[in-house]
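Structure first, commentary second.
All values below were derived from every heavy atom in this structure, side-chain atoms included, with hydrogens, water molecules and symmetry-related copies excluded. Fair warning: this is a prediction, and the values are worked out from it, not measured in the lab.
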Amino acid sequence: MQVSENHRHYWSKNVRVTGILLAIWFVVTYGVGYFARDLNFTFFGWPFSFWVGAQGALVVYVLIIGFYARYMGKLDQEHGVAEED
């Protein structure tokens, strides 16, 4: 199987955006979670570290998924590999 330049370009962009989003996921999951106890102030009546751990990370995960789906849809269209409706 011969890989075209279009395929290489598509895969390069896919790997790059996946790597960036995984780095964001890692920082949110481990970095913010590790330092959350240092965030000592009240947010809506609860400690801010609680909100970061319980809600903030989930919001970021949903945003990552939404961005990836939208980005890949556009990339598929750009390279002519989009699924037909």
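- H9 meets the ring-ring contact (aromatic ring centres under 6.0 Å, His included) test with H79; sequence neighbours excluded.
- Side-chain contact between Y71 and N14: absent, with no pair of heavy atoms (C-beta onward) separated by less than 4.5 Å.
- Taking Ile, Leu, Val, Met, Phe, Trp and Tyr as members and joining any whose side-chain heavy atoms lie under 4.5 Å apart, directly or through other members, I65 forms no hydrophobic cluster with any other residue.
- Note that the OG1 atom of T18 and the CH2 atom of W25 stand 13.5 Å from one another [nearest 0.5 Å].
- Under the 4.5 Å side-chain contact rule for hydrophobic residues, Y30 and L21 share a cluster.
- Hydrophobic clustering (ILVMFWY, side-chain heavy atoms < 4.5 Å, transitive): Y61 and I20 are in one cluster.
- Every pair passing salt bridge (Lys or Arg N to Asp or Glu O under 4.0 Å) that includes a residue from residues 3-19 is listed here, sequence neighbours excluded: E5-R8, K13-E78.
- The CD atom of Q77 sits 10.5 Å away from atom CD of E83, with the distance rounded to the nearest 0.5 Å.
- Cluster partners of W11 are V15, counting Ile, Leu, Val, Met, Phe, Trp and Tyr whose side-chain heavy atoms approach within less than 4.5 Å, directly or via other members.
- There is a path of hydrophobic side-chain contacts, each under 4.5 Å, that joins F26 to Y68.
- By the side chain to side chain contact (heavy atoms under 4.5 Å, CB included) test, V60 pairs with I24, V28, I64, sequence neighbours left out.
- Partners of Q55 under the side chain to side chain donor-acceptor pair (under 3.5 Å) rule, at least two apart in sequence or in another chain, do not exist in this structure.
- Hydrophobic cluster membership differs between V17 and L63, with clusters built from Ile, Leu, Val, Met, Phe, Trp and Tyr side chains linked at under 4.5 angstrom.
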